[in-house]
Amino acid sequence: MPQYNHRETEQKWRKRWAETKLYQTDLGAGAKQAGLYRTDLGSSVEKVQDRPKYYNLVMFPYPSGDKLHIGHWYNYGPADTWGRYMRMKGFNVFQPMGYDAFGLPAENHAIKTGIHPDESTRKNTATMTEQLGRIGTMYDWEKTLDTSRPEYYRWTQWLFLQMFKNGLAYKKVASVNFCPNDQTVLANEQAQDGTCERCGAQVIQKPLNQWFWKITSYAQRLIDGLDTLAWPEKTKLMQRNWIGRSEGAEVRFEIEGSKEVITVFTTRVDTLFSAAFVVLAPEHPLVDTITAESEKKSVIKYREQAAKKTELQRTDLAKEKTGIFTGAFAVNPANGEKIPVWVADFVLAQYGHGAVFGDAHDERDFEFAKKYKISLKTTIQPADGSDDADIRSLKVCFGDDGILYDSGDFSGLTSAEARKKIAAWLGEKEKGNPVVNFRLRDWLLSRQRYWGAPIPIVYDPDGKPHPVPEEHLPWLLPTDVEFKPKGESPLTYSKEFAARTEKIFGKGWTPEYDTMDTFVCSSFYYLRYLMTGAEGGEKNFVEPRMEKKWMPVDMYIGGPEHACMHLIYARFVMMVLKDFGFVSHDEPFQRLVHQGLITNKGVKMSKSKGNVVSPDDFVDTYGSDVFRMYLMFMGPFTEGGDWSDKGITGVARFVERFYLLMSSDGKSGEEKVTDEPAMKRNLHATIKRVTEDMKKMQFNTAIAALMEFVNGCHKTGINREAKKLATMLISPLAPHLAEELWEIMGEKFSIVDQPWPGYDPSFLVTDTMTLAVQVNGKVRGELEVATGIQEDEIFAQASIIENVARHMEGKTPVKKIYVPGKLVSFVVK
RNA sequence: GCCGGGGUGGCGAAGCUGGUAGACGCGCAAGACUUAAAAUCUUGUGGUAGCAAUACCGCGCGGGUUCGACCCCCGCCCCCGGCACCA
């Protein structure tokens with residue numbers, strides 16, 4: 001029968017925390033005064049808001065109807081442990097929580113059940129708030145937010161207006177995946193292999209006029225800023241690759257018998273003399289103008305076929321490349337040769353200029369030319385002088401850098417030299433120039449969906465877009481819509497929306513019917529937490545003093561799956577806001593940590609796979625502290641792992657043992673110390689280890705250290721002081737348990753406002769030490785010596801250890817090595 | 001294909017800048033308590049041989065550097081994640 005009643009205890013403390021508003025942060029800087037918290041740091045009493053700030057943020061969840069799953073706990077438990085640790089380290093920690101509430105699942109739910117997304121979302125957020133409380137987190141719920149509420153999305157819309165005003169928002173035609181059967185737009189993931197995820201019908205490409213934000217203008221800054229961030233290198237690398245900076249050159253090819261010029265981008269301008277053909281993307285505007293009369297029919301047909309393909313089909317690497325000759329010829333600006341112009345869908349319209357030149361020194365071009373019998377020639381040979389007969393005879397493709405030949409004045413140069421010189425030469429002739437290109441594309445934010453923030457744009461009777469003036473924000477999402485898809489954006493069917501627009505702007509005016517990508521909502525929420533409930537929070541996007549004080553976020557914790565979406569968008573938006581003068585920082589998230597993924601039998605848990613493990617039963621049986629600690633004990637926080645309930649009993653036993661040892665009425669709780677120095681050494685070594693592990697977020701080894709401490713105390717006994725310090729050490733990990741023990745010890749509420757314990761190194765010093773003794777690198781014995789002993793003496797003592805002596809017998813000593821405090825090593829021959 | 005991160009007992013995992021591999025926990029085994037079981041406590045627990053001292057083997061595989069390698073170097077294999085016709 002366990003002594004520690006987790007159910008009662010945990011409930012009791014959660015109630016107390018809420019009642020005393022223990023986790024409400026005074027943001028200062030003009031914020032509403034939230035009551036002053038006192039804390040004993042040494043003898044002085046300080047105001048919490050005078051402490052250095054620490055913005056501890058965790059990525060906010062999407063409020064789905066399912067309960068909190070293990071992934072949530074794995075994310076929020078340790079993140080909270082970190083916040084608690086930082087609070088005890090003396091920081092004024094701000095730890096808010098909210099909901100990323102707009103999005104597809106609520107809308108799909110509405111289509112199925114007819115329940116309005118607003119209703120289901122509110123229900124879900126209420127349940128989730130309750131459940132998040134169970135984790136024992138110190139969220140400041142007074143500053144919560146919900147992106148689907150008008151008081152929030154007015155700022156989403158405000159942001160759009162800022163972008164529009166500053167020329168960073170524009171409209172252009174882009175295709176969406178459309179299911180003609182379901183009459184709805186599909187996300188790329190829903191249109192895998194070209195069929196609709198739901199009904200299996202053939203997905204078509206529908207061109208629509210959509211809104212974009214010019215994130216590409218910030219490509220270079222987004223790369224440069226990464227150097228200033230304490231982020232995982234992996235994540236930075238992923239962003240760098242995503243943005244995809246590449247240095248190269250533009251080359252202009254004139255078209256024979258036409259005034260048109262094709263501009264191509266290349267990173268291998270050193271191969272220009274071998275250019276054998278030019279290829280345009282099917283969408284390239286010049287396809288129409290330059291195609292010869294005789295080829296028109298087939299080119300048009302080819303283009304139509306390409307247009308039908310989804311992006312996934314277009315980019316399927318396995319498929320064989322196809323293309324068609326336009327009948328036109330381009331002139332190679334390097335040597336005046338005439339080369340054919342083709343159209344092929346392996347060329348991407350969105351990258352570079354949607355046109356490339358092909359030659360023998362590129363694997364893809366090589367194959368394409370072979371397939372369509374385009375004649376090639378080589379102009380690069382391997383730099384190492386190896387036999388290149390196969391290359392010259394076009395048996396194999398040589399795609400590496402090398403030495404140029406048959407390249408006019410540039411023959412003999414290395415590829416690297418030639419790239420610079422040829423680009424410069426083209427510049428002089430006005431046939432090209434050096435240029436930097438990025439893979440990053442502009443942010444398409446139009447969504448033909450209902451459950452999102454309406455784009456605050458209206459069109460005059462001529463179809464010209466105008467921003468909705470700020471005084472009309474929030475530009476409310478209408479409620480009189482039919483969720484069942486009918487082929488158009490759902491807002492098209494709202495009578496109220498149309499009427500409202502005409503009433504405000506005049507007859508013939510129409511609203512924009514699309515809503516915004518939910519990544520817009522989450523691109524600035526970290527700023528809005530600062531204003532929720534603050535004075536002027538409804539009128540100011542962010543108060544400058546507040547932003548200056550609290551930004552950037554000191555620690556941001558969330559999944560690595562956001563590396564190239566949310567984490568780039570948020571950075572972009574922050575930079576833009578800085579340029580517009582609303583914030584003072586360039587970067588929103590100073591430090592970033594990704595929690596690992598918890599899988600079930602090696603696969604990601606998901607509702608559709610039906611392999612989700614619910615935390616509830618475990619929390620009921622063992623308590624919240626045990627469950628969150630078990631998740632941390634399983635392994636390193638950043639690595640995640642495969643779920644298994646094996647071993648949770650170990651943590652449960654530990655909690656029980658800890659409770660018994662620390663609570664004075666427990667059977668092993670008598671304040672009897674049988675070995676004071678050993679106990680003190682154990683205590684201070686534990687403080688040291690736990691502190692170091694916490695700092696590195698290695699919660700698993702921190703818990704192990706506390707387990708060892710308890711094991712040690714069963715031998716040495718423990719006194720009151722040690723109990724207090726150990727309870728402080730465990731409090732970020734098991735907050736309810738620690739609070740309870742703190743009270744049992746008669747200490748003042750709350751333990752979270754205690755300073756983090758420091759250790760005294762003098763207790764760690766021992767008078768003897770154990771050294772390993774090696775002969776030729778193999779351990780042959782152990783030696784216990786006094787700490788201050790001379791090196792000579794160590795060697796002397798070590799060499800007479802029986803087993804050591806035996807292994808050295810009859811051999812010549814070569815070398816003696818002493819690693820202080822660790823080992824002695826003899827080398828013999 | 002390219003770019004990251006990993007492969008350590010039966011299992012989850014530790015292991016500081018090259019210095020006693022396997023801390024801590026699960027599981028298992030034996031013992032104590034109990035009429036018994038559970039719970040709890042104690043002890044043991046990488047493999048092989050041995051009563052033992054001890055020896056040999058052992059961190060994906062094969063080489064190398066070193067007195068000494070999970071750690072560094074070279075060449076492979078496998079798993080996970082990301083990107084993927086970016087010219």
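Naming convention: chains lettered A, B, ... in sequence-line order (proteins, then strands); numbering from 1 in each chain.
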Taking atom [atom2] of [N] as reference, at what distance in whole Å does atom [atom1] of [X] sit?
{"X": "A:K646", "N": "B:C11", "atom1": "NZ", "atom2": "P", "answer": "11 Å"}
{"X": "A:K778", "N": "B:G19", "atom1": "NZ", "atom2": "C1'", "answer": "15 Å"}
{"X": "A:L597", "N": "B:G81", "atom1": "CG", "atom2": "P", "answer": "8 Å"}
{"X": "A:H562", "N": "B:G81", "atom1": "NE2", "atom2": "C1'", "answer": "15 Å"}
{"X": "A:L237", "N": "B:G81", "atom1": "CG", "atom2": "P", "answer": "18 Å"}
{"X": "A:K822", "N": "B:C16", "atom1": "NZ", "atom2": "P", "answer": "10 Å"}
{"X": "A:W643", "N": "B:G12", "atom1": "CH2", "atom2": "P", "answer": "15 Å"}
{"X": "A:R657", "N": "B:C24", "atom1": "CZ", "atom2": "C1'", "answer": "12 Å"}

Does NZ or CZ of A:K321 lie under 6.0 Å from the centre of the six-membered ring of A:F368, at an angle within 45° of the ring axis? no
A:F795 six-ring face occupied by A:K816 cation (under 6.0 Å, within 45°): yes
Any side-chain N or O of [X] below 4.0 angstrom from OP1/OP2 of [N]?
{"X": "A:H807", "N": "B:A55", "result": "yes"}
{"X": "A:R780", "N": "B:A55", "result": "yes"}
{"X": "A:N711", "N": "B:G25", "result": "yes"}
{"X": "A:N700", "N": "B:A23", "result": "no"}
{"X": "A:R689", "N": "B:A14", "result": "no"}
{"X": "A:K695", "N": "B:C16", "result": "no"}

If you only use heavy atoms from C-beta on, which nucleotide in [options] is closest to the side chain of [X]?
{"X": "A:L348", "options": "B:U42, B:C3, B:A87", "answer": "B:A87"}
{"X": "A:K234", "options": "B:C83, B:G81, B:G19", "answer": "B:G81"}
{"X": "A:E708", "options": "B:A84, B:G25, B:A23", "answer": "B:A23"}

Syn or anti conformation of B:G81, syn meaning chi within 90° of 0: anti
5'-most contact on RNA chain B (nearest-nucleotide basis), A:F826 vs A:A704, goes to A:A704
Comparing nearest nucleotides in RNA chain B, the 5'-proximal residue of the pair A:T266, A:W242 is A:W242
When rounded to the nearest 0.5 angstrom, what is the spacing between CH2 in A:W242 and CE in A:M565? 6.0 Å
Measure the CD-CG distance between A:E784 and A:L771 for me, rounded to the nearest 0.5 Å. 9.0 Å
Please state whether the base of B:C85 and the side chain of A:K321 form at least one donor-acceptor pair under 3.5 Å? yes
Polar pair under 3.5 Å, donor/acceptor by atom type, side chain A:E639, base B:G6: no
Pairing partner of B:U45, by Watson-Crick or G-U wobble and under 3.5 Å for both distances, is B:G27
So, do A:Y622 and A:F627 have ring centers that fall under 6.0 Å from each other? no
Same-atom distance (C1') from B:A13 to B:C70, integer angstrom: 14 Å
Check the orientation of A:W342 and A:Y372. Use parallel for under 30°, tilted for 30 to 60°, and perpendicular for over 60°. tilted
